Participant: 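Following this message is one structure expressed as structure tokens.
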Amino acid sequence: MAESPRPKRKREEEEEEAAAAGAEPHDGAAAVPFPLAELRLRRVLRESAREKAVFLHGEVTSPSGEGTNAVVILEKTPFQEEKVSDLLKKHTKLELQMRNDIYSTYHLYPPPELSEIKTTVVYPATEKHLQKYLRQEVHLIRETWEDYKSITLPFIQSQSFSIQWVYNILEKKAEADRIIHENPDPCDGFVLVPDLKWDQNQLDDLYLIALIHRREVKSLRDLTAEHLPLLRNILQEGKEAIRKRFGVPASQLRIYLHYQPSYYHLHVHFTALGYDAPGSSVERAHLLADVIDNLAMDSMYYQKRALTFALRADELLFKKFQEAGRV
């Protein structure tokens, strides 16, 4: 799923993802449990049979009668090998749906402890959050460097994109216990943390994010040969940290940057190669090793070449490209 910048926490992915992209803490304080029982369903924003997920718009009513919007994402979790035996044998109900010769289909009803649904909450949710998860038409944009300077960059500068959650992690105000690896160098360092889309229960959908300490580098468009030591640190140290902690070799990792990114603080995605991660499609993902090679050949590579990305029809940046006659 393609996304433009917006005030959210997407590791995309959405945040591809996802990815997403998830809930976005405003500070390091302990979170108050979300009042799920008080949620009133307003509409289904989107369903994804491929991702086994549904995206809901709900409203929580306060004692004063005021309603507050929320986005609730319900997602079936991947099967865990160590629990498959229990799933088949432990008080599981099997209901026949169809039989034809040697083929048959059933509804399987596992016990509650084996029926986990991952639930991601954005609360309070803004209208931009609701639009993010609403199904929309998607269009490919071919952005030249001139387009970036005259359309994209002014748009970015005119918006208020909150990335306080990034600074909270970098300053150890939040998620300090989740940091897998850190290079503390203020110029060429970064922190590596699990993405919210990954529950860390299995390696099939492994997903981590490297956040750089430097705050002035927004995206792929800002990178020059000056940033090669930083990018090489992320590539080498990130691979080694994941190998040591999770036993996944570098040959089974997909390591890439998004353009357009879902938030404007340079970050790098690390996903399991076998995982079809949101935002890993060819029109958005740029392999970090390729980025490093391109910059080593030409320091101004990403200030010269056109970049292709997808935008949804309802996004403000898409409208800016339309107004400029570029769509």
Side-chain angles (χ1 to χ4, degrees), residues 1-3 9-21 166 169-170 178-183 185 187-200 202-214 217-297 301-302 305 307-309:
M1 180 176 65
E3 299 163 54
R9 177 173 189 166
K10 168 77 168 66
R11 297 184 183 175
E12 96 24 193
E13 305 319 161
E14 120 113 95
E15 21 115 207
E16 157 256 356
E17 129 317 59
V166 173
I169 293 175
L170 295 175
R178 286 167 48 85
I179 293 176
I180 301 301
H181 173 78
E182 178 177 17
N183 179 327
D185 188 282
C187 184
D188 297 327
F190 66 99
V191 298
L192 183 68
V193 294
D195 188 273
L196 290 182
K197 290 184 289 297
W198 184 38
D199 59 16
Q200 301 184 66
Q202 61 283 315
L203 297 178
D204 291 346
D205 58 341
L206 177 143
Y207 202 142
L208 298 100
I209 296 289
L211 300 165
I212 70 169
H213 284 299
R214 296 176 67 163
V217 186
K218 298 182 293 296
S219 76
L220 195 63
R221 284 293 194 191
D222 292 321
L223 293 175
T224 67
E226 173 202 349
H227 303 103
L228 283 172
L230 166 64
L231 299 176
R232 286 168 175 152
N233 285 347
I234 293 173
L235 183 63
Q236 298 303 323
E237 295 178 26
K239 290 190 295 187
E240 183 61 17
I242 291 172
R243 185 192 65 79
K244 287 182 177 179
R245 175 66 69 91
F246 303 109
V248 178
S251 60
Q252 294 181 338
L253 292 175
R254 181 187 295 111
I255 308 169
Y256 56 97
L257 297 86
H258 279 156
Y259 192 81
Q260 291 277 328
S262 50
Y263 52 92
Y264 275 82
H265 179 100
L266 193 79
H267 55 285
V268 177
H269 303 254
F270 289 75
T271 66
L273 186 59
Y275 173 44
D276 187 13
S280 60
S281 53
V282 65
E283 69 272 14
R284 192 176 184 200
H286 298 256
L287 292 175
L288 178 56
D290 290 345
V291 171
I292 290 172
D293 285 348
N294 291 336
L295 292 173
M297 289 187 297
Y301 183 87
Y302 291 102
R305 66 157 293 182
L307 296 174
T308 299
F309 53 87

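In this text the structure is predicted, and so the values were computed from the model without any measurement.
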Participant: Are His181 and Glu240 linked by a side-chain donor-acceptor pair shorter than 3.5 Å?
Facilitator: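 No, Glu240 and His181 have no side-chain donor paired with an acceptor closer than 3.5 Å.
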
Participant: Can you tell if the side chain of Val193 reaches within under 4.5 Å of the side chain of Ile169, non-hydrogen atoms only?
Facilitator: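 Side-chain contact under 4.5 Å: yes.
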
Participant: Test side-chain contact (heavy atoms from CB on, under 4.5 Å) on Phe270 and Leu235; report intermediate values, then the result.
Facilitator: CA-CA 9 Å; Phe270 289 75; Leu235 183 63; 5.7 Å; no

Participant: Any idea which heavy atoms bring Leu307 and His286 closest together, and the distance?
Facilitator: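 Leu307 and His286 have their closest heavy atoms at CD2-CE1, 3.8 Å.
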
Participant: What's the shortest heavy-atom distance between His258 and Ala285, and which atoms?
Facilitator: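 Where His258 meets Ala285 most closely, the heavy atoms are CD2-CA, 4.5 Å.
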
Participant: If I compare all heavy atoms of Ser280 with all of Tyr256, which pair ends up nearest, and what's the gap?
Facilitator: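 Minimum heavy-atom contact is CB-OH, 4.0 Å.
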
Participant: Do the non-hydrogen side-chain atoms of Leu170 and Val191 ever get within less than 4.5 Å of each other?
Facilitator: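 Heavy-atom side-chain distance check passes, below 4.5 Å.
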
Participant: For the atom pair CD (Gln200) and CG (Asp205), what is the distance rounded to the nearest 0.5 Å?
Facilitator: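 Nearest 0.5 Å value for the CD-CG distance: 10.5 Å.
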
Participant: Show your working on side-chain contact (heavy atoms from CB on, under 4.5 Å) between Leu223 and Leu257 and close with a plain yes or no.
Facilitator: CA-CA 12 Å; Leu223 293 175; Leu257 297 86; 4.2 Å; yes

Participant: To the nearest 0.5 Å, tell me how far Ile234 CD1 sits from His227 NE2.
Facilitator: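 The CD1 atom of Ile234 sits 10.5 Å away from the NE2 atom of His227.
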
Participant: Nearest 0.5 Å, what's the NZ-NZ distance between Lys239 and Lys244?
Facilitator: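 Between Lys239 NZ and Lys244 NZ, I get 14.0 Å after rounding to 0.5 Å.
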
Participant: Atom CG of Asn294 and atom CZ of Arg305: how far apart are they, to the nearest 0.5 Å?
Facilitator: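 Reported to 0.5 Å precision, the distance equals 7.5 Å.
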
Participant: Would you say Tyr302 and Val291 make side-chain contact, with heavy atoms under 4.5 Å?
Facilitator: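 Touching, per the 4.5 Å side-chain cut-off.
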
Participant: Measuring from atom CG of Asp276 to atom CZ of Arg254, what distance do you get when rounded to the nearest 0.5 angstrom?
Facilitator: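 So the gap between those two atoms works out to 7.0 Å.
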
Participant: Report yes if some heavy atom in the side chain of Arg243 is under 4.5 Å from a heavy atom in the side chain of Pro249; otherwise report no.
Facilitator: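 Side-chain contact under 4.5 Å: no.
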
Participant: Can you check side-chain contact (heavy atoms from CB on, under 4.5 Å) on Ile209 and His269, steps first, answer last?
Facilitator: CA-CA 5 Å; Ile209 296 289; His269 303 254; 3.3 Å; yes

Participant: Can any side-chain N or O of Asn233 pair as donor or acceptor with the backbone N or O of Asp188 at less than 3.5 Å?
Facilitator: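 A pair under 3.5 Å: yes.
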
Participant: Would you compute the distance between atom CG of Leu220 and atom CG of Leu295 and round it to the nearest 0.5 angstrom?
Facilitator: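 Result: 7.5 Å between the selected atoms.
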
Participant: For Tyr263, does its backbone N or O pair with a side-chain atom of His265 as donor and acceptor, under 3.5 Å?
Facilitator: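 Checking the backbone N and O of Tyr263 against the side chain of His265, no donor-acceptor pair under 3.5 Å is found.
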
Participant: Are any non-hydrogen side-chain atoms of Phe190 and Val268 less than 4.5 angstrom apart?
Facilitator: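 Phe190 does not reach Val268 side chain to side chain.
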
Participant: On a heavy-atom basis, which atom in Phe309 and which in Tyr259 lie closest, and how many Å separate them?
Facilitator: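 Minimum heavy-atom separation between Phe309 and Tyr259: CB-O, 3.4 Å.
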
Participant: Taking all non-hydrogen atoms of both residues, which atom of Ala272 and which atom of Asp204 are closest, and how far apart?
Facilitator: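 Smallest heavy-atom distance, with atoms named: CB-O, 3.6 Å.
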
Participant: Let's go through Asp222 and Leu266 carefully: what are the C-alpha distance in whole Å and the side-chain angles of both, what is the deciding distance for side-chain contact (heavy atoms from CB on, under 4.5 Å) to 0.1 Å, and is it a yes or a no?
Facilitator: CA-CA 9 Å; Asp222 292 321; Leu266 193 79; over 6 Å; no

Participant: Minimum heavy-atom separation for Arg232 and Ala296, please, with both atom names.
Facilitator: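 Minimum heavy-atom contact is NH2-CB, 4.2 Å.
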
Participant: I want to check something: taking the side chain as every heavy atom from C-beta on, are Leu206 and Ile242 in contact at a cut-off of under 4.5 Å?
Facilitator: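 Yes, at least one pair of side-chain atoms sits under 4.5 Å.
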
